[in-house]
Amino acid sequence: MAAAVTRFFLRGAGSKVPNTGVSTRGHSSFGATLLKLSPSCNVRTKTQRRHAAHFTFQPDPVPTQYGPTQKMNLFQSITSALDNTLANDPTAVIFGEDVAFGGVFRCTVGLRDKYGKDRVFNTPLCEQGIVGFGIGVAVAGATAVAEIQFADYIFPAFDQIVNEAAKYRYRSGNLFDCGGLTIRAPWGCVGHGSLYHSQSPEAFFAHCPGVKIVIPRSPVQAKGLLLSCIADKNPCIFFEPKILYRAAVEQVPVEPYTIPLSQAEILQEGSDVTLVAWGTQVHVMREVANMAQEKLGVSCEVIDLQTILPWDTETVCKSVVKTGRLLISHEAPVTGGFAAEISSTVQEECFLNLEAPISRVCGYDTPFPHIFEPFYIPDKWKCFDAIKRMINY
Amino acid sequence: MLTNISNVLRACVQRNQVATVLISARTYADFTTEATFEIKKCDVHKLDEAPATQVVLTRDEGLQYYRIMQTIRRMELKADQLYKQKIIRGFCHLYDGQEACAVGIEAAINLTDHLITAYRAHGYTYTRGGTVKQIMAELTGRRGGIAKGKGGSMHMYCKNFYGGNGIVGAQVPLGAGVALACKYQGKNELCVCLYGDGAANQGQIFETYNMAALWKLPVIFICENNRYGMGTSVERAAASTDYYKRGEFIPGLRLDGMDFLCVREATRFAADHCRSGKGPILMELQTYRYHGHSMSDPGISYRTREEIQEVRSKSDPISLLKDRMLSNNMASVEELKDIDVEVRKEIEDAAQFATTDPEPPLEELCNHIFYNNPPIEVRGTNPWSKLKSVS
Ligand SMILES: Cc1ncc(C[n+]2csc(CCOP(=O)(O)OP(=O)(O)O)c2C)c(N)n1
Ligand SMILES: [Mg+2]
């Protein structure tokens, strides 16, 4: 006991803080410039400055084909999709950690009150159990929408997704499947999420035939794609860019509608470079396309891949045949990221059309960093720089 | 350490000299140097004996533990403030309300023992030997942070303290592994393995109970039951809220985690159990977090303000210790106030440090990914910036 008391005293005696020196800090807006310098050349600013978002959300034109619209942000458009599902599909159930109260990001607000606690319910904290349970619900014929609180926390369920969900149809010779299962999870960087609230794990699952992976860029897309995932006869993982939950606002149709899976969308036609991205990064790409036009007179074709697995090779390859150049960008680390798959496929299909090596602008091969996020993310400057290099190749 | 004690003592003497003039003379010798307290009985599971209900607290211990709990409390309140000023960002989980757990556990084990917990780690980082400066600087992501500013709130580590783990439940099997090392090395050390009531529902925990019991590992599983896992109350999440019994074949104790003396006594009992080679034991500490789950949770949508107020006024761990000391003539109001003042100063200094210390240099982005020698190049996306990983 005396030892324990002694110990507490020790703390007061002198700090073990290492000596300090000059450091660097960066902001997304000039991260690229800073990186070129030797890091030790930069003097940090005194106060803790905070970074503006690294992208500007660009709403799409208001859709007219699906009836009346309402202003919604991305989390509200998810709620709207789930609301439609619960209303139209009596077998649909929604569950996950704290979803009955609306969930961490408010995506399920009000649904329990509207549809009852038997259809919208909280699970204990157990991701492996949540997904396994969802597979069971789905195989028994119901529509299961499971929420994993953050994409970073999907890994305890990795086995259930990869070995159980993805292979159920195949290994039972088509007798059983869990096509009624959709797993939703907030995904991607958020400005200050650090190691465990920022990851983009789509590539892990892209290695797994039997699951579909979908990532929307906007509220309108989110609703239509989520409803497609829910209706799809395969287990789907739907990753929601969490930084867009509030930042992205659009006029979203109130009635249900679907946007086809495995179909990429050309957001802007162009002739010199094809830019491929998904989720938040699409908005970075749009801005980069404008920069390239203004500053370099380069015409970019911007493609939102939307579905990561199975992906739309045709749209991408056709575009590269036309432009001869391809830049792919995602937040996840570059090595083994989904850009690698796209790049490999495109060089096979379009080898003779390529004017320059395919570029990937992605996250570093590091864990998602705490304070270095502005350096880490593939911002517009890095992408712009890659375009310049491709053009000058 | 001796200097520190004598500082405290000197302060008392001086104050009392002044007091002589103003009020009746009361010298240092007038204080009760130790007292015996009746504490609540533990609930037990699969145990023939139980921790004592009469425990002795000395004046020196009381003063020290008061200071430590107060330091943790003030540190968390400061973190709250810095967060609101946007100086601390990201996901930040505060420990105020639960101080008696960290301090009581630590008082009953040795620093050579091992400890691992989840993301609500600031208090343990401190009791394990981290300084307030290092903790605050980690929160603000500065060089002097305990993880070099690379981890942030959830990731703090120091000798024999394995973090600081963001994935709920993941730390529990790790703790059992550490306990195997304790057993293997034969130094009579043990591992304390902490998790929350929410985490208690993760499958890994049950896998670990089995391994630990099977191999008779010297591990104390401690469930800090603060009644909620995020917004979900224990009743809504657990088929059995008798967390101390959920190890089934592992003996368990349930006790008042707001009472430092209860926690210390029960942990002593559990440590003896482990050290005598009987294998794992499980403790459930009934406690309460004053703050919301994290800084983005106001903490009042799933529980009432009255509930929080009730705990604060009736079972605050710091007030409890303070009242015991005062009502037994073990300390004076003034000397506790002096401690408060010193603590506040320490916290202010640390906050000052944490807001002025430089951020880590950019090289740190890539360091410590692999063990490597010579340094390896880390792939990024800028051909003109080659970063290396050094470990
Ligand atoms: C695997 C995993 N799932 C979900 C989360 C998100 N999360 C963080 S803390 C928490 C609640 C944990 O509650 P509890 O174990 O009672 O600890 P407390 O916060 O009360 O200290 C949740 C759901 C996570 N960090 N890791
Ligand atoms: Mg809890």
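Chain naming here is simple, since letters A, B, ... match the order of the sequence lines and numbering starts at 1 in each.
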Where do B/Gly380 and A/Val334 come nearest, in terms of heavy atoms and distance? O-CG1, 4.2 Å
Given a strict heavy-atom distance threshold of 4.5 Å, which part of B/Ala199 is in contact with chain A: side chain, backbone, both, or neither? backbone
Residue part contacting chain A, namely of B/His155, when any heavy atom lies under 4.5 Å: side chain
Let me confirm one number: the OH-CG distance from A/Tyr364 to B/Leu365, rounded to the nearest 0.5 Å. 6.5 Å
Heavy-atom contact with chain B under 4.5 Å, split by part of A/Ser194: side chain
When rounded to the nearest 0.5 angstrom, what distance separates CD1 in A/Ile371 from CZ in B/Arg143? 9.5 Å
Between CE of B/Met230 and CZ of A/Phe101, what distance do you get to the nearest 0.5 Å? 12.5 Å
To the nearest 0.5 Å, atom CD of A/Glu373 lies from atom CZ of B/Arg89 at 9.5 Å
Tell me the closest heavy-atom pair linking A/Leu125 and B/Gly198, and the distance in Å. CB-O, 3.5 Å
Contact leader toward chain B among A/Cys362, A/Pro369, A/Cys383, where contacts are heavy-atom pairs under 4.5 Å: A/Cys362
Quick one: of B/Gly169, B/Gly231, B/Ala237, B/Gly166, who has the most non-hydrogen atom pairs under 4.5 Å with chain A? B/Gly231
If you compare all heavy atoms of B/Val378 against all heavy atoms of A/Asp365, which two are closest, and at what distance to 0.1 Å? CG1-O, 3.7 Å
Per-residue contact mode, A/Gln149 against chain B (heavy atom under 4.5 angstrom): side chain
Given a strict heavy-atom distance threshold of 4.5 Å, which part of B/Arg379 is in contact with chain A: side chain, backbone, both, or neither? both
For residues 98-107 of chain A, the side chain to side chain donor-acceptor pair (under 3.5 Å) pairs (sequence neighbours left out) are A/Asp98-B/Thr232
Do the rings of B/Phe91 and A/Phe150 sit parallel, tilted or perpendicular, given the 30° and 60° boundaries? perpendicular
Could you name the residues of residues 147-154 of chain B that have a heavy atom within less than 4.5 Å of a heavy atom in chain A? B/Gly149, B/Lys150, B/Gly151, B/Gly152, B/Met154
If I take atom CG from residue A/Asp152 and atom CD1 from residue B/Ile167, how far apart are they, to the nearest 0.5 angstrom? 6.5 Å
Answer key: most heavy-atom pairs under 4.5 Å with chain B among A/His197, A/Arg360, A/Gln128 is A/His197
Side chain, backbone, both or neither: which part of B/Gln85 has a heavy atom under 4.5 Å from chain A? neither
